[in-house]
Peer 1: 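Just dropping this structure here.
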Amino acid sequence: MKIKETPLKDCYIIEPTIFEDERGYFFEKFNEKKFEELTGMNGHFVQDNISKSSYGVLRGLHLQKGEHAQAKLVSCLEGSVWDVAVDLREDSPTFGEWFGIELTAENKLQLYVPRGFGHGFAVLSTHAVFSYKCDNFYNKESEGSVKFNDPELNIDWKVDEKDAILSEKDQNAPGFKDKNF
């Protein structure tokens with residue numbers, strides 16, 4: 001696997017090496033030892049989550065706070081999503097900056113989103129199956145969020161806002177200045 005840096009500190013794109021032949025393909029989706037060697041980051045995951053969504057569904061921006069903070073390794077298993085990470089670590093040189101990447105079943109790219117980041121995605125295909133590997137267990141009381149369309153962040157979600165399908169929680173998320181992170 002190849003690790004590529006993003007403009008955000010500690011946020012990485014993981015590109016697998018794919019072996020294809022007439023039978024199909026094989027690739028190593030993740031290797032903890034290689035990841036730690038290449039990034040210096042902890043790559044130990046304890047929880048896997050899968051979501052399925054239809055076109056226009058926008059999930060985010062979400063995070064876990066405090067001792068329940070989570071790093072995530074995300075990928076798209078079916079379809080296509082626009083995936084966004086926002087650095088919410090106030091002591092980081094990239095605080096308040098975001099990075100977006102198209103993750104698809106075809107490109108097999110993954111994004112490593114470190115602890116202290118907000119994360120979200122918008123579905124670009126008719127449907128998408130999305131995978132999250134988390135390095136800490138989910139804790140409802142530690143949820144944080146930031147409004148997806150906060151003008152200070154100015155995120156391009158690649159889905160027209162009128163077409164975005166949001167949960168009530170995401171519609172009512174606090175703004176970036178409210179620092180719910």
Side-chain angles (χ1 to χ4, degrees), residues 1-6 8-16 27-53 57-92 94-95 97-105 107-123 127-148 153 155 157 166-167 169-170 173-174 179-181:
M1 72 183 179
K2 297 176 194 164
I3 304 286
K4 295 181 180 178
E5 291 186 21
T6 70
L8 304 181
K9 184 171 175 25
D10 303 325
C11 185
Y12 297 98
I13 299 166
I14 299 176
E15 182 179 349
F27 68 95
E28 184 176 72
K29 192 168 190 300
F30 183 75
N31 181 307
E32 181 177 5
K33 183 178 177 183
K34 285 182 190 175
F35 180 79
E36 289 179 3
E37 286 173 3
L38 294 171
T39 67
M41 307 288 288
N42 177 0
H44 184 71
F45 297 101
V46 298
Q47 182 176 325
D48 281 8
N49 304 313
I50 303 283
S51 69
K52 183 176 181 179
S53 306
V57 168
L58 194 153
R59 299 181 185 268
L61 294 161
H62 303 151
L63 70 146
Q64 292 276 286
K65 302 182 282 188
E67 68 180 277
H68 299 287
Q70 293 177 324
K72 298 174 184 173
L73 182 62
V74 298
S75 61
C76 187
L77 304 176
E78 289 181 29
S80 173
V81 302
W82 181 249
D83 196 70
V84 173
V86 179
D87 191 345
L88 300 176
R89 303 169 300 175
E90 293 186 79
D91 61 344
S92 171
T94 56
F95 173 68
E97 296 178 24
W98 65 273
F99 173 77
I101 185 171
E102 187 171 357
L103 302 177
T104 71
N107 70 21
K108 297 170 186 46
L109 296 175
Q110 299 177 82
L111 186 66
Y112 176 78
V113 182
R115 290 181 180 200
F117 273 57
H119 173 259
F121 67 89
V123 178
H127 79 278
V129 176
F130 195 74
S131 172
Y132 312 66
K133 294 180 88 51
C134 302
D135 76 341
N136 204 355
F137 296 104
Y138 171 77
N139 180 281
K140 183 160 181 57
E141 289 74 37
S142 298
E143 285 183 346
S145 61
V146 177
K147 189 120 178 120
F148 78 99
L153 297 174
I155 297 170
W157 286 98
L166 301 157
S167 69
K169 177 178 97 173
D170 290 345
K179 295 190 178 177
N180 187 32
F181 44 86

Peer 1: Does any part of the side chain of Q70, heavy atoms only, come nearer than 4.5 Å to the side chain of Y132, both counted from C-beta?
Peer 2: no
Peer 1: With F130 as reference, evaluate V123, L77, V81 under the side chain to side chain contact (heavy atoms under 4.5 Å, CB included) test and give the passing residue.
Peer 2: V81
Peer 1: Is the number of heavy atoms from other residues, nucleotides or ligands within 6.0 Å of NZ (K29) greater than 12?
Peer 2: yes
Peer 1: When rounded to the nearest 0.5 angstrom, what distance separates OH in Y12 from CD1 in I14?
Peer 2: 10.0 Å
Peer 1: Not counting sequence neighbours, which residues clear side-chain contact (heavy atoms from CB on, under 4.5 Å) with S167? List them please.
Peer 2: K169, D170
Peer 1: How close do S75 and L109 get, counting heavy atoms only, and between which atoms?
Peer 2: CB-O, 3.9 Å
Peer 1: Compare all side-chain heavy atoms of F35 with those of M1 and state whether any distance is below 4.5 angstrom.
Peer 2: yes
Peer 1: Which is it for I155 and L61 under the side-chain contact (heavy atoms from CB on, under 4.5 Å) test, yes or no, and what are the steps along the way?
Peer 2: CA-CA 11 Å; I155 297 170; L61 294 161; 3.8 Å; yes
Peer 1: Looking at CD of E90 and CZ of F95, how far apart are the two atoms once the value is rounded to the nearest 0.5 Å?
Peer 2: 4.5 Å
Peer 1: Do you know the tightest heavy-atom contact between P16 and E28?
Peer 2: CB-O, 4.0 Å
Peer 1: Please name all residues satisfying side-chain contact (heavy atoms from CB on, under 4.5 Å) with K9, sequence neighbours left out, ordered by chain then number.
Peer 2: R89, S92, P93, T94
Peer 1: For the pair D48 and S131, evaluate side-chain contact (heavy atoms from CB on, under 4.5 Å) and give the outcome as yes or no after the intermediate values.
Peer 2: CA-CA 7 Å; D48 281 8; S131 172; 5.7 Å; no
Peer 1: So how far is it from L63 CG to H68 NE2, rounded to the nearest 0.5 Å?
Peer 2: 13.0 Å
Peer 1: Locate the shortest heavy-atom distance separating R115 from D135; write the atom from each residue and the value.
Peer 2: NE-OD2, 3.1 Å
Peer 1: Would you say the side chain of L153 lies within less than 4.5 Å of the side chain of V86, judging by non-hydrogen atoms?
Peer 2: yes
Peer 1: Do you know the tightest heavy-atom contact between F121 and W157?
Peer 2: N-CZ3, 3.8 Å
Peer 1: Would you call the rings of F45 and F30 parallel, tilted or perpendicular, where under 30° means parallel and over 60° means perpendicular?
Peer 2: perpendicular
Peer 1: How far apart are the closest heavy atoms of C11 and L111, and which atoms are they?
Peer 2: SG-CD1, 3.9 Å
Peer 1: Mark yes or no for whether N136, through its side chain, and E67, through its backbone, hold a donor-acceptor pair below 3.5 Å.
Peer 2: yes
Peer 1: Rounded to the nearest 0.5 Å, what separates atom OG1 in T104 from atom CD in E78?
Peer 2: 12.0 Å
Peer 1: Is there side-chain contact between V46 and F137, with heavy atoms separated by less than 4.5 Å?
Peer 2: yes
Peer 1: Would a distance-only check, ignoring hydrogens and angles, find a side-chain to backbone donor-acceptor pair under 3.5 Å from E15 to K4?
Peer 2: no
Peer 1: Using side-chain contact (heavy atoms from CB on, under 4.5 Å), reason through N42 and E36 one step at a time and then give a plain yes or no.
Peer 2: CA-CA 6 Å; N42 177 0; E36 289 179 3; 3.5 Å; yes
Peer 1: Side-chain donor-acceptor pair under 3.5 Å between Y138 and E143, yes or no?
Peer 2: yes
Peer 1: Roughly how far, to the nearest 0.5 Å, is the CZ atom of F117 from the CG atom of D87?
Peer 2: 3.5 Å
Peer 1: When rounded to the nearest 0.5 angstrom, what distance separates NZ in K33 from CG in N31?
Peer 2: 8.0 Å
Peer 1: Restricting to non-hydrogen atoms, name the atom on T39 and the atom on I3 that form the minimum distance, rounded to 0.1 Å.
Peer 2: CG2-CG2, 3.7 Å
